[in-house]
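First comes the structure, then the notes that go with it.
In this text the structure is predicted, and so the values were computed from the model without any measurement. Whatever order the structure lists ligands and atoms in, that order sets their numbers, starting from 1. We count residues from 1, following the sequence as given.
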Amino acid sequence: NYLKIWNLRVVLMSGGPGSGKGTQCEKIVAKYGYTHLSSGDLLRAEVASGSERGKQLQAIMQKGELVPLDTVLDMIKDAMIAKADVSKGYLIDGYPREVKQGEEFEKKIGAPALLLYVDAKAETMVQRLMKRGETSGRADDNEETIKKRLDLYYKATEPVIAYYEKRGIVRKINSELPVDEVFAIVVKAIDELK
Ligand SMILES: Nc1ccn([C@@H]2O[C@H](COP(=O)(O)OP(=O)(O)OP(=O)(O)O)[C@@H](O)[C@H]2O)c(=O)n1
Ligand SMILES: Nc1nc2c(ncn2[C@@H]2O[C@H](COP(=O)(O)OP(=O)(O)O)[C@@H](O)[C@H]2O)c(=O)[nH]1
Ligand SMILES: [Mg+2]
């Protein structure tokens with residue numbers, strides 16, 4: 001089963017902070033039974049554990065900066081291996097965040113079949129995150145950190161999408177639409193895979 005992860009389908013979910021990745025992932029899991037791994041959630045779980053490593057992560061995330069590449073990739077890989085027996089495929093949310101992370105993912109795990117790119121305007125993303133911040137309890141859902149996350153997204157993460165575009169696996173989806181309309185396009189993209 002250690003080897004099984006290399007044969008399972010990998011779908012990447014990308015897009016800016018607040019673009020609706022988590023929302024769409026939940027719906028994908030309900031329909032397709034993929035194993036959802038959100039790198040942000042994995043990191044927040046480590047923070048919540050109160051470990052020494054968690055404390056270091058917390059400081060980075062609070063500033064809206066990126067956690068070192070190896071830390072996140074190891075967490076994702078461990079989680080993939082742990083689920084290999086029961087998994088029907090993986091939905092990786094929020095990773096890779098920069099081109100280097102994409103390259104490392106390919107080396108250590110493999111090539112993704114599809115990248116779903118949920119795209120919303122910066123203004124929309126800020127609005128959604130400020131709203132989410134009222135109830136999320138997330139230390140980084142505040143105006144100052146949101147701005148930094150957005151800047152870093154445009155600088156570091158958008159080039160990742162361009163990197164996968166060259167391979168023809170990117171499906172760009174307008175996530176300004178209502179959730180169910182966004183999902184209908186997502187379903188089409190996944191169903192076209194074979
Ligand atoms: N591969 C990743 C994923 C997350 N993070 C850290 O975890 C924070 C939160 O990540 P995530 O939950 O993915 O948040 P966003 O994409 O900003 O937005 P959202 O929660 O809205 O999906 C990031 O700002 C960053 O500090 C990281 O360094 N590397
Ligand atoms: N109007 C609208 N709101 C959305 C949509 N997707 C997500 N949201 C809202 O935007 C916020 C951020 O969504 P989330 O899924 O956490 O985004 P992520 O940061 O990309 O994971 C949430 O509070 C959602 O309720 C969408 O397609 N349309
Ligand atoms: Mg999310």
Mark up the atoms of ligand 1 that fall under 4.0 Å of a heavy atom belonging to [X], in ascending order.
X: Gly94; value: 1 (N), 2 (C), 3 (C)
X: Tyr95; value: 1 (N)
X: Arg132; value: 19 (P), 20 (O), 21 (O)

[atom] [closest protein heavy-atom partner, distance rounded to 0.1 Å]:
atom: atom 3 (C) of ligand 1; value: Ser39 OG, 3.2 Å
atom: atom 7 (O) of ligand 1; value: Met61 CE, 3.4 Å
atom: atom 2 (C) of ligand 2; value: Arg128 NH2, 3.3 Å
atom: atom 20 (O) of ligand 2; value: Lys21 N, 2.7 Å
atom: atom 22 (O) of ligand 1; value: Lys21 NZ, 3.3 Å
atom: atom 28 (O) of ligand 1; value: Val67 N, 2.6 Å
atom: atom 4 (C) of ligand 1; value: Leu43 CD1, 3.5 Å
atom: atom 20 (O) of ligand 1; value: Arg138 NH1, 2.4 Å
atom: atom 25 (C) of ligand 1; value: Glu65 O, 3.2 Å
atom: atom 21 (O) of ligand 2; value: Gly22 N, 2.9 Å

Got a protein heavy atom sitting under 4.0 Å from atom 10 (O) of ligand 2? yes
For atom 4 (C) of ligand 2, state whether the nearest protein heavy atom is under 4.0 Å away.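 There is a protein heavy atom less than 4.0 Å from atom 4 (C) of ligand 2.
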Look at [X] together with [Y] and state whether they make a salt bridge at an N to O cut-off of under 4.0 Å.
X: Lys100; Y: Glu103; value: no
X: Arg44; Y: Asp41; value: yes
X: Asp93; Y: Lys21; value: no

Using atom types as modelled and distance alone, determine if a side-chain donor or acceptor of [X] lies under 3.5 Å from a backbone N or O of [Y].
X: Ser19; Y: Ala120; result: no
X: Glu176; Y: Lys121; result: yes
X: Ser14; Y: Tyr117; result: no
X: Arg167; Y: Ala111; result: no
X: Gln24; Y: Val179; result: yes

At a 4.0 Å cut-off, with the gap strictly under it, does some heavy atom of Val118 reach an atom of ligand 2?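 The answer is no, since Val118 has no heavy atom less than 4.0 Å from ligand 2.
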Please verify whether a non-hydrogen atom of Gly18 lies at under 4.0 Å from ligand 2.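 Contact present.
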Are more than 12 heavy atoms, taken from residues, nucleotides or ligands other than [X], located less than 6.0 Å from that residue's [atom1] atom?
X: Glu192; atom1: CD; value: yes
X: Lys148; atom1: NZ; value: yes
X: Lys108; atom1: NZ; value: yes
X: Glu158; atom1: CD; value: yes
X: Lys83; atom1: NZ; value: no

Between Pro17 and ligand 2, does any nitrogen or oxygen pair lie at a separation below 3.5 Å? no
Taking N or O atoms only and a 3.5 Å limit, does Arg132 qualify as a polar contact for ligand 2?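 Min N/O separation from ligand 2 is below 3.5 Å for Arg132.
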Just which atoms of ligand 2 are under 4.0 Å from any heavy atom in [X]?
X: Leu177; result: 26 (C), 27 (O), 28 (N)
X: Gly16; result: 20 (O)
X: Gly20; result: 6 (N), 7 (C), 13 (O), 14 (P), 15 (O), 17 (O), 18 (P), 20 (O)
X: Val182; result: 27 (O)
X: Thr23; result: 6 (N), 7 (C), 13 (O), 14 (P), 15 (O), 24 (C)
X: Ser19; result: 20 (O)

Leu152 contact mode with ligand 1 (heavy-atom cut-off under 4.0 Å): neither
Residue portion contacting ligand 1 (non-hydrogen atoms closer than 4.0 Å) for Val72: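 Only the side chain of Val72 comes within reach of ligand 1.
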Below 4.5 Å, heavy atoms only, C-beta onward: do [X] and [Y] meet side chain to side chain?
X: Met80; Y: Leu8; result: no
X: Ile60; Y: Pro68; result: yes
X: Thr145; Y: Met61; result: no

Any nitrogen or oxygen of Pro17, side chain or backbone, less than 3.5 Å from one on ligand 1? no
Is it the case that ligand 1 has an N or O less than 3.5 angstrom from some N or O of Asp93? no
Measuring from non-hydrogen atoms of Gly18 to any atom of ligand 1, is the shortest distance under 4.0 Å? yes
Would Lys63 count as a contact of ligand 1 if the rule is a heavy atom under 4.0 Å away?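 For ligand 1, residue contact (heavy atoms, under 4.0 Å) with Lys63 is absent.
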Rounded to the nearest 0.5 Å, what's the gap from CE on Met13 to CD1 on Ile92? Could you check?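 It comes to 11.5 Å.
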Could you state whether Leu116 and Ile109 fall into the same hydrophobic cluster, counting links through intermediate Ile, Leu, Val, Met, Phe, Trp or Tyr residues with side-chain heavy atoms under 4.5 angstrom apart? no
My understanding is that we take every heavy atom of each candidate and find the minimum distance to atom 16 (O) of ligand 1. Doing that for Arg149, Arg97, Met125, which one comes out nearest? Arg97
